[in-house]
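What follows is a set of notes on a single structure, which appears directly below.
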Amino acid sequence: MPTLDCEHADQIDPTAAPDADGCSDCLAKGDTWVHLRMCLTCGHVGCCDNSKNRHARAHWYHTEHSVITSREPGEDWIFCFADNAVAE
């Protein structure tokens with residue numbers, strides 16, 4: 001996993017595990033998504049900003065858990081919403 005250089009990197013919990021196989025919120029609503037992101041603080045899986053519901057971003061607004069990673073095959077990056085910082 002890449003190393004993120006921002007003030008929110010301390011939010012990363014290396015034991016965080018995905019809480020669902022898809023977007024937790026979309027699954028609960030019976031909705032669809034485009035790409036999946038996982039919160040590296042608590043493991044919440046949400047849909048990306050290209051999805052109509054933007055649940056990963058909504059999770060950040062609600063919890064202030066800033067750091068996510070992609071759940072898409074072949075993608076290995078970390079992003080901080082608060083600092084708009086990415087590590088690849």
Side-chain angles (χ1 to χ4, degrees):
M1 182 174 288
T3 302
L4 186 65
D5 185 24
C6 80
E7 68 179 86
H8 300 94
D10 64 348
Q11 292 183 2
I12 296 171
D13 179 351
T15 65
D19 66 355
D21 290 329
C23 174
S24 301
D25 302 300
C26 286
L27 288 169
K29 293 173 48 174
D31 216 339
T32 60
W33 57 85
V34 177
H35 297 287
L36 298 173
R37 310 297 183 229
M38 185 183 87
C39 173
L40 288 175
T41 301
C42 69
H44 178 81
V45 177
C47 53
C48 71
D49 283 353
N50 290 328
S51 299
K52 64 183 175 182
N53 295 307
R54 299 174 147 196
H55 285 126
R57 185 172 293 274
H59 178 72
W60 166 52
Y61 288 146
H62 179 72
T63 63
E64 296 185 5
H65 295 171
S66 301
V67 185
I68 61 169
T69 190
S70 176
R71 293 278 297 151
E72 297 303 310
E75 293 185 8
D76 187 27
W77 51 262
I78 298 173
F79 178 75
C80 176
F81 283 115
D83 291 322
N84 197 33
V86 67
E88 298 180 284

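Bear in mind the structure is a predicted one, so any value in this text is a computation, not a measurement.
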query = Counting only heavy atoms not in E64, do more than 12 fall under 6.0 Å of its CD?
reply = no
request  = For side-chain contact (heavy atoms from CB on, under 4.5 Å), just list the numbers for C80 and L4, CA-CA rounded to whole Å, side-chain angles, deciding distance to a tenth of an Å, and then say yes or no.
outcome  = CA-CA 8 Å; C80 176; L4 186 65; 3.9 Å; yes
task = Any chance you could measure Y61, atom OH, to R54, atom CZ, to the nearest 0.5 Å?
result = 7.5 Å
request  = Tell me, please, which residues at least two apart from D19 pass side-chain contact (heavy atoms from CB on, under 4.5 Å).
outcome  = S24, H44, V45
query = Is there side-chain contact between I68 and H59, with heavy atoms separated by less than 4.5 Å?
reply = no
key: Donor-acceptor contact present, side-chain T69 to main-chain W77, <3.5 Å   = yes
message = For D76 versus P2, what's the shortest heavy-atom pair and its separation?
response = OD1-CD, 3.3 Å
request  = Find out if a path of hydrophobic residues (ILVMFWY) with successive side-chain heavy-atom gaps under 4.5 Å connects F81 to L36.
outcome  = no
Separation between SG of C23 and NE2 of H55, rounded to the nearest 0.5 Å = 5.5 Å
request  = Grab the two heavy atoms, one from F79 and one from V86, that are nearest each other, plus how far apart they are.
outcome  = CD1-CB, 4.2 Å
task = Over all heavy atoms of both residues, which pair between M38 and A16 is shortest? Give the atoms and the distance, please.
result = CE-O, 3.9 Å
query = Could you state the interatomic distance from CG (L40) to OG1 (T15), rounded to the nearest 0.5 Å?
reply = 11.0 Å
key: Between N53 and D25, a side-chain donor and acceptor under 3.5 Å   = no
task = Would you tell me whether N50 and H35 have side-chain atoms, one donor and one acceptor, within less than 3.5 Å of each other?
result = no
note = W60 and S66 have their tightest heavy-atom pair at NE1-OG, 3.4 Å
ask   = What closest approach, in Å, do W33 and C26 show between heavy atoms, and which atom pair accounts for it?
value = CE3-CB, 3.6 Å
ask   = Taking the side chain from S51 and the backbone from V34, do they hold a donor-acceptor pair closer than 3.5 Å?
value = yes
query = Considering all heavy atoms of both residues, which atom of C6 and which atom of A85 are nearest to each other, and what is their separation?
reply = CB-CB, 4.4 Å
From NE2 (H8) to NE2 (H65), nearest 0.5 Å = 11.5 Å
